Amino acid sequence: MADFPYLTKTEKIVMRIFWHADKPLTQLDVMEIARQRGEMKWNPHYIFLVLDSLEKKGVLIESGHTRVGKAYARLFEPVISHVEYVVLYVFEVLHDNEIEEFLAAFTAKKEEKEEAVAQGKNPSAAASLRLNASRSEKTLAIDPLISKKQITQTDPSE
């Protein structure tokens, strides 16, 4: 996988299902899990197209077949983990000279979170992991599963 695999909103939802699964899943498994979570209600043809797209992007692989009733269904599993995807995203959005700054900021946030846990505080605010990149308060969302609309940029004159 040479290029960063840009994922649509639906593809991200599907990949989250795979990343949290402890075994390969069929198309029907994905649809059922999504229904149980209240995330989406897809028809079988649509989910087939999404799985096919994810396979073409190189983030899913067909890992076998299983019997479902009188037919056989394909089994899929992720090629990369969620953490690996986030790392690819960071390298995609940051310039080489920003990586060291990112690592320093990440380490500082991690230490803040650990300190909050040690003091018995709720570190959920630290879990969102946003970095203030400059005086103009450009906010860089570290999690690639956050939509572009949630990545804010404000001007200091506002």
Side-chain angles (χ1 to χ4, degrees), residues 1-66 73-114 116-117 122-134 137-153:
M1 183 182 325
D3 295 328
F4 177 73
Y6 289 97
L7 302 179
T8 66
K9 180 180 177 183
T10 300
E11 288 171 339
K12 290 173 188 174
I13 292 170
V14 170
M15 285 307 298
R16 268 194 230 122
I17 291 170
F18 279 101
W19 285 324
H20 290 103
D22 57 354
K23 63 179 183 166
L25 302 173
T26 66
Q27 170 184 340
L28 294 174
D29 294 334
V30 172
M31 290 174 57
E32 182 59 30
I33 292 168
R35 266 194 214 107
Q36 289 173 357
R37 292 182 180 176
E39 290 177 319
M40 286 277 186
K41 294 180 181 176
W42 299 301
N43 71 47
H45 181 70
Y46 181 68
I47 191 65
F48 170 79
L49 295 174
V50 172
L51 293 173
D52 189 50
S53 174
L54 289 167
E55 193 173 19
K56 286 179 183 173
K57 290 180 179 184
V59 293
L60 272 187
I61 188 169
E62 185 179 325
S63 61
H65 295 84
T66 187
R74 297 186 301 163
L75 290 167
F76 295 93
E77 60 185 313
V79 173
I80 62 173
S81 70
H82 185 215
V83 171
E84 291 168 325
Y85 180 78
V86 171
V87 169
L88 288 173
Y89 176 78
V90 167
F91 277 96
E92 178 70 15
V93 299
L94 295 179
H95 298 289
D96 290 342
N97 60 346
E98 296 174 309
I99 298 295
E100 194 170 311
E101 181 182 348
F102 166 78
L103 291 174
F106 179 82
T107 302
K109 283 289 186 187
K110 183 177 183 272
E111 289 170 358
E112 285 176 24
K113 184 177 179 179
E114 289 171 349
V117 169
N122 184 353
S124 61
S128 64
L129 214 56
R130 295 195 186 277
L131 302 175
N132 288 328
S134 69
E137 295 182 39
K138 293 178 186 172
T139 303
L140 171 66
I142 299 306
D143 188 346
L145 301 177
I146 297 173
S147 71
K148 288 184 180 180
K149 290 179 183 176
Q150 290 174 300
I151 299 174
T152 59
Q153 236 181 349

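Being a predicted model, the structure only gives us computed values, none of them experimental.
From E92, atom CD reaches atom OH of Y89 across 9.0 Å, with rounding to the nearest 0.5 Å. Here CZ of R16 is found 13.5 Å from CD1 of I33. Values are rounded to the nearest 0.5 Å. In this structure, OH on Y6 lies 13.5 Å from CD on E11, to the nearest 0.5 angstrom. For the atom pair OG1 (T8) and CD1 (I13), the distance works out to 8.5 Å, reported to the nearest 0.5 Å.
Under a cut-off of 6.0 angstrom, the local environment of CG in D96 is sparse, with at most 12 non-hydrogen atoms contributed by other residues, nucleotides or ligands. Environment of CG in L49: crowded, with over 12 heavy atoms of neighbouring residues, nucleotides or ligands closer than 6.0 Å.
When all heavy atoms of E98 and V93 are compared, the closest pair comes out as OE1-O, 4.4 Å. Looking at every heavy atom in both residues, I47 comes nearest to Q27 through CG2-CG, 3.1 Å. The heavy-atom pair separating I17 from R37 by the smallest distance is CG1-NH1, 3.5 Å. Residues V59 and M15 come closest through the heavy atom pair O-CE, 3.7 Å. When all heavy atoms are compared, the tightest approach of E84 to V79 is OE1-O, 4.4 Å. The heavy-atom pair separating W42 from M31 by the smallest distance is O-CE, 3.1 Å.
In this structure, the salt bridge (charged side-chain N to carboxylate O under 4.0 Å, His left out) partners of R74, at least two apart in sequence or on a different chain, are E55, E62. Here E100 pairs with nothing under the side-chain hydrogen bond (donor to acceptor under 3.5 Å, both in side chains) rule; sequence neighbours left out. Under the salt bridge (charged side-chain N to carboxylate O under 4.0 Å, His left out) criterion, K9 pairs with no residue at all, not counting sequence neighbours. Checked against salt bridge (charged side-chain N to carboxylate O under 4.0 Å, His left out), E114 has the following partners two or more places apart in sequence or in another chain: K110. By the side-chain hydrogen bond (donor to acceptor under 3.5 Å, both in side chains) test, T66 pairs with no residue at all, sequence neighbours left out.
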Exercise. Apply side chain to side chain contact (heavy atoms under 4.5 Å, CB included) to the pair Y46 and T10, showing each step before the final yes or no.
Key: CA-CA 10 Å; Y46 181 68; T10 300; 3.4 Å; yes
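Pairs engaging residues 24-36 under the salt bridge (Lys or Arg N to Asp or Glu O under 4.0 Å) rule: E32-R35 [sequence neighbours left out].
Within the 4.5 Å cutoff, no side-chain heavy atoms of F76 are placed close to those of L54. The side-chain heavy atoms of L75 and T26, taken from C-beta on, include a pair separated by under 4.5 Å. Looking at heavy atoms from C-beta onward, V30 lies out of side-chain contact with V50 at the 4.5 angstrom threshold.
Using cut-offs of 30° and 60° on the angle between ring planes, the pair W19 and Y85 is tilted.
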